[in-house]
Amino acid sequence: MESHDYEKLLIEHGVKPTANRMMVVKALDASMLPQSMAELERRIDSIDKSNIFRTLQLFREHHLVHAIDGAADGLRFELCHSHHNDHDDDLHPHFYCEQCQQTYCLDGVRMPAIELPEGFEGHSSNYMIKGTCPHCKK
């Protein structure tokens, strides 16, 4: 993505485009895998940890990032491909390799439909499959 695309993406999600926010979006876009907080800190050495954390929280509130739980190092973050600031139409499962400890997006794999019992209201879901990735299986 180009920098004007990052700005457009932020605006589509109702987030004011600042230099720091643009750098966080760029770092997430450049990574091929979901990133941990520590990985983002290493990628973006010009922004302090608390600023990155606050930016990620804002992005979560505006459905600009997915927070993936279930990895050994805590939450991982990835850009949503959704273009809505009020809901996420980019839900997909993830795979955690127990050997290399990488988390992979399983884009194109449909999430199973879960019918909740009466009275329950779901707000988010996290579908993580754990096992061995093709690289480690070799």
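FYI, the numbering just counts along the sequence from 1. When reading the values below, keep in mind they use all heavy atoms of this one structure, side chains included, and skip hydrogens, waters and symmetry mates. Please read these numbers as outputs of a predicted model, since none were measured by experiment.
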Undergrad: Taking the side chain as C-beta and beyond, is there a heavy-atom pair between Leu33 and Arg76 under 4.5 Å?
TA: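 Not touching, per the 4.5 Å side-chain cut-off.
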Undergrad: Rounded to the nearest 0.5 Å, what separation is found between the CD1 atom of Ile44 and the CG atom of Leu28?
TA: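 Ile44 CD1 to Leu28 CG: 7.0 Å, rounded to 0.5 Å.
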Undergrad: Tell me the closest heavy-atom pair linking His62 and Gly14, and the distance in Å.
TA: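 Where His62 meets Gly14 most closely, the heavy atoms are CE1-O, 3.4 Å.
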Undergrad: If you define the side chain from C-beta out and look only at heavy atoms, does anything of Gln101 sit under 4.5 Å from Tyr96?
TA: yes
Undergrad: Is any side-chain heavy atom of Leu64 closer than 4.5 Å to one of Leu79?
TA: yes
Undergrad: Enumerate the residue pairs fulfilling side-chain hydrogen bond (donor to acceptor under 3.5 Å, both in side chains) with a member in residues 19-35, sequence neighbours excluded, ordered by first and then second residue.
TA: Tyr6-Asp29, Gln35-Arg43
Undergrad: At their closest point, which heavy atom of His13 faces which heavy atom of His63, and how far apart are they?
TA: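 Taking His13 first and His63 second, the nearest heavy atoms are CE1-O, 3.0 Å.
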Undergrad: Report yes if the side chains of Gln57 and Arg54 come closer than 4.5 Å at any heavy-atom pair, otherwise no.
TA: no
Undergrad: Are any of the side-chain heavy atoms of Leu106 and Tyr127 separated by less than 4.5 Å?
TA: no
Undergrad: If you compare all heavy atoms of Val65 against all heavy atoms of Cys80, which two are closest, and at what distance to 0.1 Å?
TA: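 Nearest pair, atom of Val65 first, then Cys80: C-SG, 3.5 Å.
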Undergrad: What are the two closest non-hydrogen atoms of Thr132 and Cys97, and how far apart are they?
TA: CA-SG, 4.0 Å
Undergrad: Do Ile47 and Leu40 come within less than 4.5 Å of each other through their side chains, counting heavy atoms only?
TA: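 A side-chain contact under 4.5 Å is absent here.
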Undergrad: Do Arg60 and Phe77 come within less than 4.5 Å of each other through their side chains, counting heavy atoms only?
TA: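 The answer is yes; the side chains approach within 4.5 Å.
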Undergrad: Do Gln102 and Cys133 have side chains that approach each other closer than 4.5 Å (heavy atoms only, starting at C-beta)?
TA: no
Undergrad: Once you round to the nearest 0.5 Å, how far does CG of Leu56 lie from CG of Asn51?
TA: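 The CG atom of Asn51 is 10.5 Å from CG of Leu56, to the nearest 0.5 Å.
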Undergrad: Testing the basics here: between Glu41 and Ile52, what is the closest heavy-atom pair and its distance to 0.1 Å?
TA: CA-CD1, 4.0 Å
Undergrad: Apart from Leu116 itself, what residues make up its hydrophobic cluster when side-chain heavy atoms of I, L, V, M, F, W and Y under 4.5 Å apart count as a link, directly or indirectly?
TA: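 Ile114, Phe120, which link up through side-chain heavy atoms under 4.5 Å apart, make up the rest of the cluster.
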Undergrad: Say whether Glu78 and His94, considering side chains only, have a donor N or O and an acceptor N or O under 3.5 Å apart.
TA: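 Yes, His94 and Glu78 have a side-chain donor paired with an acceptor closer than 3.5 Å.
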Undergrad: Let me see the working for Glu7 and Leu10 under side-chain contact (heavy atoms from CB on, under 4.5 Å), right down to the final yes or no.
TA: CA-CA 5 Å; Glu7 185 174 347; Leu10 288 167; 5.7 Å; no
